[in-house]
Amino acid sequence: MEPHYPALLVYEDGSISVLPDNSAWPGDPDLWYWSKRTDYLVDSSGMRFDQVGERAEEGRPEQPPTWQPNRELTLQEIKQLCRQHFLTENYDVEQMMEPIEKMSGQDAPKMIIEYLQSLEPPAGYGGSGFRPKTWWQFGLFGSLILFLMTGMNFLKALPDLIQGNAPWHELPLFTAQVIAIGFVCGLAVWAVQPLWRNFGTLGDVVTGIIVLDVMFVCCMLIFDPDMLFKRHDQAAFMFLLGSAAGAFGGYIMGKDIRKDAAANPVDYDSSDSPFRR
């Protein structure tokens, strides 16, 4: 027996989201990989489905879990799930529940899910902020991050610039170089999406190594080409250092991002929305 979509995905903390079709669950590793055993599905007919699948020692699914029918929920139970969701998300429960309480009959579960789905805004924002999707968004995001990371160096150099001890004309060039390097690093993250989307923590580590080594190559090409093409021992040491730092950074950042993505599996256009898709 297969679930009828759209369906509600009910999380351990009492919040819910809407799965629009059969491909939404296996197609989003950030969703199923961070799911809990107790997360379950309620389909458009009101049937509850539990997760079935092999899990690693830390409890993470090795493959997208499949859905096994459990029992049919009563209409009152489904409405209570909605009420608990609004309580969890700190919204005006009575106001949000008013149209749901009026729904009745055999098609009520489907009507409730479609109503919740209609309240969800288009994709755009999610988790703690913007999620890039296209290659140029990844590039711009990388430029912004690296620019902000080097901003402290600019503030430290500001007194020398004001006093005339450092040339102002080098500032625009350095800024452009930083933005270009960040853009290339962002493109590197975009290019290796299959790694961090499909291989979990291992993919995060490898992605961190690739991105930091790409950044080192860019820095050498711009600031010290001789290191890359002539001083091979120094270049090798830098790549070794970059690989170690990248592996650690990829693990830490990937872990945090995946937790954030699991809490908000589909992007928002508005932080005021009480629903997760």
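Just the heavy atoms: all of them, side chains too, but no hydrogens, waters or symmetry mates, feed the values below. Start at 1 with the first residue, then count along the sequence.
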- Message: Show every salt bridge (Lys or Arg N to Asp or Glu O under 4.0 Å) that has at least one partner inside residues 134-148, sequence neighbours left out.
- Response: none
I'd like a table of donor-acceptor pairs (distance under 3.5 Å, sequence neighbours excluded) in which one partner is a side-chain atom from residues 178-188, with atom names and distances.
none

- Neighbour count above 12 (heavy atom, 6.0 Å) for Phe223 CZ: yes
- So Tyr11 and Ser17, side-chain hydrogen bond (donor to acceptor under 3.5 Å, both in side chains) or not? Walk me through it. CA-CA 8 Å; Tyr11 299 95; Ser17 66; 2.9 Å; yes
- Item | Verdict with supporting geometry, Asp50 and Arg48, salt bridge (Lys or Arg N to Asp or Glu O under 4.0 Å) | CA-CA 7 Å; Asp50 295 331; Arg48 169 174 171 162; 2.9 Å; yes
- Message: Any heavy-atom pair between the side chains of Pro65 and Trp25 that's under 4.5 Å?
- Response: yes
- Contact list for residues 36-58, test ring-ring contact (aromatic ring centres under 6.0 Å, His included), sequence neighbours left out: none
- Task: Might you point out which heavy atoms bring Ser15 and His85 nearest each other, and give the distance in Å?
- Result: CA-ND1, 3.3 Å
- Residues at least two apart in sequence or cross-chain that pass salt bridge (charged side-chain N to carboxylate O under 4.0 Å, His left out) with Arg231, listed by chain then number, are Asp224
- Item | Side-chain donor or acceptor of Ser243 paired with backbone N/O of Phe239 under 3.5 Å | yes
- Could I get the full list of side chain to side chain contact (heavy atoms under 4.5 Å, CB included) partners for Ile145, not counting sequence neighbours? Phe141, Met149
- State which residues pass salt bridge (charged side-chain N to carboxylate O under 4.0 Å, His left out) with Arg83; sequence neighbours excluded, sorted by chain then number. Glu94, Glu101
- Can you sort out the partners of Leu144 under side chain to side chain contact (heavy atoms under 4.5 Å, CB included), two or more places apart, ordered by chain and number? Leu148
- Query: Mind checking whether Ile100 and Leu87 sit in one hydrophobic cluster, side chains of I, L, V, M, F, W, Y counted as touching below 4.5 Å?
  - Reply: yes
- Message: Checking Glu72 now: which residues fulfil side chain to side chain contact (heavy atoms under 4.5 Å, CB included) with it, not counting sequence neighbours?
- Response: Met47
Let me check something: any side-chain donor-acceptor pairs from residues 102-112 under 3.5 Å, sequence neighbours excluded? List them with distances.
none

- Query: Mind checking whether Pro20 and Gln117 have side chains closer than 4.5 Å, heavy atoms only?
  - Reply: yes
Mind listing the side-chain donor-acceptor pairs of residues 3-10 below 3.5 Å, one per line with the distance, residues two or more places apart or on another chain?
| from | atom 1 | to | atom 2 | distance (Å) |
| --- | --- | --- | --- | --- |
| His4 | ND1 | Asp43 | OD2 | 3.3 |

- Query: Judged by atom type as modelled, is there a donor-acceptor pair below 3.5 Å linking the side chain of Gln84 to the main-chain atoms of Leu81?
  - Reply: no
- Message: List the residues meeting salt bridge (charged side-chain N to carboxylate O under 4.0 Å, His left out) with Glu54, not counting sequence neighbours, and say none if there are none.
- Response: none
- Message: Is there a side-chain contact between Phe174 and Gln177 in this structure, where contact means two heavy atoms from C-beta onward sitting under 4.5 Å apart?
- Response: yes
- Task: Go through the structure and list residues passing salt bridge (charged side-chain N to carboxylate O under 4.0 Å, His left out) with Glu77, not counting sequence neighbours.
- Result: Arg71
